[in-house]
Amino acid sequence: MSWTLIKPMRAGFQTAVALIYPPRCLGCGAQVESDFGLCGACWRDTPFIGGTVCDSCGIPLEGARDGHRVECDDCMQTPRPWRQGRAALLYADRARQLVLALKHGDRPDIARPAGVWLARAARPMLERETLIAPVPLHWTRLLRRRYNQAALLARALAAQTGAALCPDLLIRHRRTPMLDHASAGDRLTILAGAVSAHPRRRRRMAGRPVLLVDDVMTSGATLAACAAACHAGGAASVDVVVLARVAKDD
Ligand SMILES: [Zn+2]
Ligand SMILES: [Zn+2]
């Protein structure tokens with residue numbers, strides 16, 4: 001069978017699927033016009049980040065850019081071990097719900113539209129040679145959750161931008177406790193040495209810019225451990241992009 005035949009068949013199949021399963025809003029399940037989107041109400045409830053942001057962690061900042069690098073107070077006080085960081089959403093309202101659904105709610109379908117949002121946030125950091133890699137999950141956690149949400153996001157971002165993807169660039173050796181309630185200092189201690197570059201992927205990363213992808217950035221300790229592993233593995237530079245950034249005073 002030739003490809004010219006398969007294409008119209010697939011288009012017909014998709015139309016049939018749309019008739020049986022009309023596209024639903026990712027947030028509330030209401031019927032929407034196109035696939036993989038949000039209805040108007042959920043869109044308004046989703047805090048997309050735009051305008052001036054901290055170049056290191058992606059948090060929104062007051063004022064206009066003047067062409068120079070800008071950083072929030074936290075990042076100026078404690079420099080991040082990466083070059084630039086961006087976030088697509090603020091971790092609040094509908095965005096928080098989407099992130100939690102992707103992580104714990106068995107909703108891998110959220111990754112695809114999230115890839116579009118991530119691509120928009122990551123665009124200023126992408127270079128021709130950029131290698132995209134997810135923050136790794138320990139295998140025991142992977143078994144329980146069935147998928148690594150960061151890996152799904154990394155794949156969606158790579159598909160959206162055409163950048164190279166290395167899903168197993170980094171590996172997590174130890175199962176680290178849940179970090180949600182640990183202090184920033186404790187997180188660093190817990191995570192030191194917990195992540196390293198996959199021995200068989202080092203060559204792929206050597207001399208290249210790496211873009212790390214995760215679902216949420218809170219203190220940034222996990223991303224810092226991953227960035228350190230990339231630097232140790234020979235990456236030329238490390239940037240980070242997350243789906244949602246937790247605002248500091250929450
Ligand atoms: Zn909705
Ligand atoms: Zn910052």
Side-chain angles (χ1 to χ4, degrees), residues 18 21-102 105-114 116-118 121-125 135 179 183-185 187-188 211-228 237-250:
Y21 304 106
R24 300 272 169 197
C25 168
L26 287 167
C28 69
Q31 210 166 309
V32 287
E33 291 292 304
S34 64
D35 256 335
F36 312 114
L38 292 165
C39 72
C42 287
W43 184 269
R44 282 189 296 277
D45 262 3
T46 307
F48 285 91
I49 292 177
T52 308
V53 297
C54 169
D55 273 313
S56 288
C57 74
I59 206 133
L61 296 174
E62 307 267 312
R65 295 192 78 97
D66 57 359
H68 294 98
R69 186 181 175 89
V70 282
E71 281 185 326
C72 69
D73 293 346
D74 280 14
C75 291
M76 276 203 286
Q77 231 163 52
T78 318
R80 307 280 181 183
W82 58 75
R83 193 171 55 173
Q84 286 189 89
R86 290 289 186 278
L89 309 163
L90 264 185
Y91 187 73
D93 308 327
R94 193 62 77 173
R96 184 171 172 276
Q97 184 203 321
L98 288 172
V99 167
L100 289 174
L102 174 66
D106 216 15
R107 290 284 311 276
D109 55 304
I110 291 168
R112 193 163 146 182
V116 179
W117 307 335
L118 281 168
R123 201 139 281 145
M125 304 186 290
V135 166
L179 297 171
S183 73
R187 282 168 192 239
L188 278 178
L211 177 61
L212 292 170
V213 180
D214 206 357
D215 55 346
V216 183
M217 175 175 169
T218 307
S219 70
T222 309
L223 283 161
C226 293
S237 60
V238 181
D239 297 314
V240 307
V241 67
V242 295
L243 181 56
R245 175 79 171 98
V246 177
K248 274 147 205 169
D249 300 311
D250 267 12

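Each ligand, and each atom within it, is numbered from 1 in the order the structure gives.
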### Message
Angle at the Zn ion (ligand 1), SG of Cys39 to SG of Cys42, rounded to 10 degrees, please.
### Response
110°
### Task
Mark yes when over 12 heavy atoms from residues, nucleotides or ligands other than Arg96 sit less than 6.0 Å from its CZ; otherwise mark no.
no
#### Entry: Leu212 vs Trp82, side chain to side chain contact (heavy atoms under 4.5 Å, CB included): CA-CA, chis, key distance, verdict
CA-CA 10 Å; Leu212 292 170; Trp82 58 75; over 6 Å; no
### Task
State, to 0.1 Å, how close Leu90 and Ile49 come at their nearest heavy-atom pair, and which atoms those are.
N-CG1, 3.7 Å
### Task
Would you mind reporting whether Ser56 and Arg69 have side-chain heavy atoms less than 4.5 Å apart?
yes
### Task
Could you check if a side-chain atom of Met217 sits within less than 4.5 angstrom of a side-chain atom of Leu243, using non-hydrogen atoms only?
no
### Query
What is the minimum heavy-atom distance between Val241 and Met125, and which atoms define it?
CB-CE, 4.0 Å
### Atoms of protein origin (N, O or S) under 2.8 Å from the Zn ion (ligand 2)
Cys54 SG, Cys57 SG, Cys72 SG, Cys75 SG
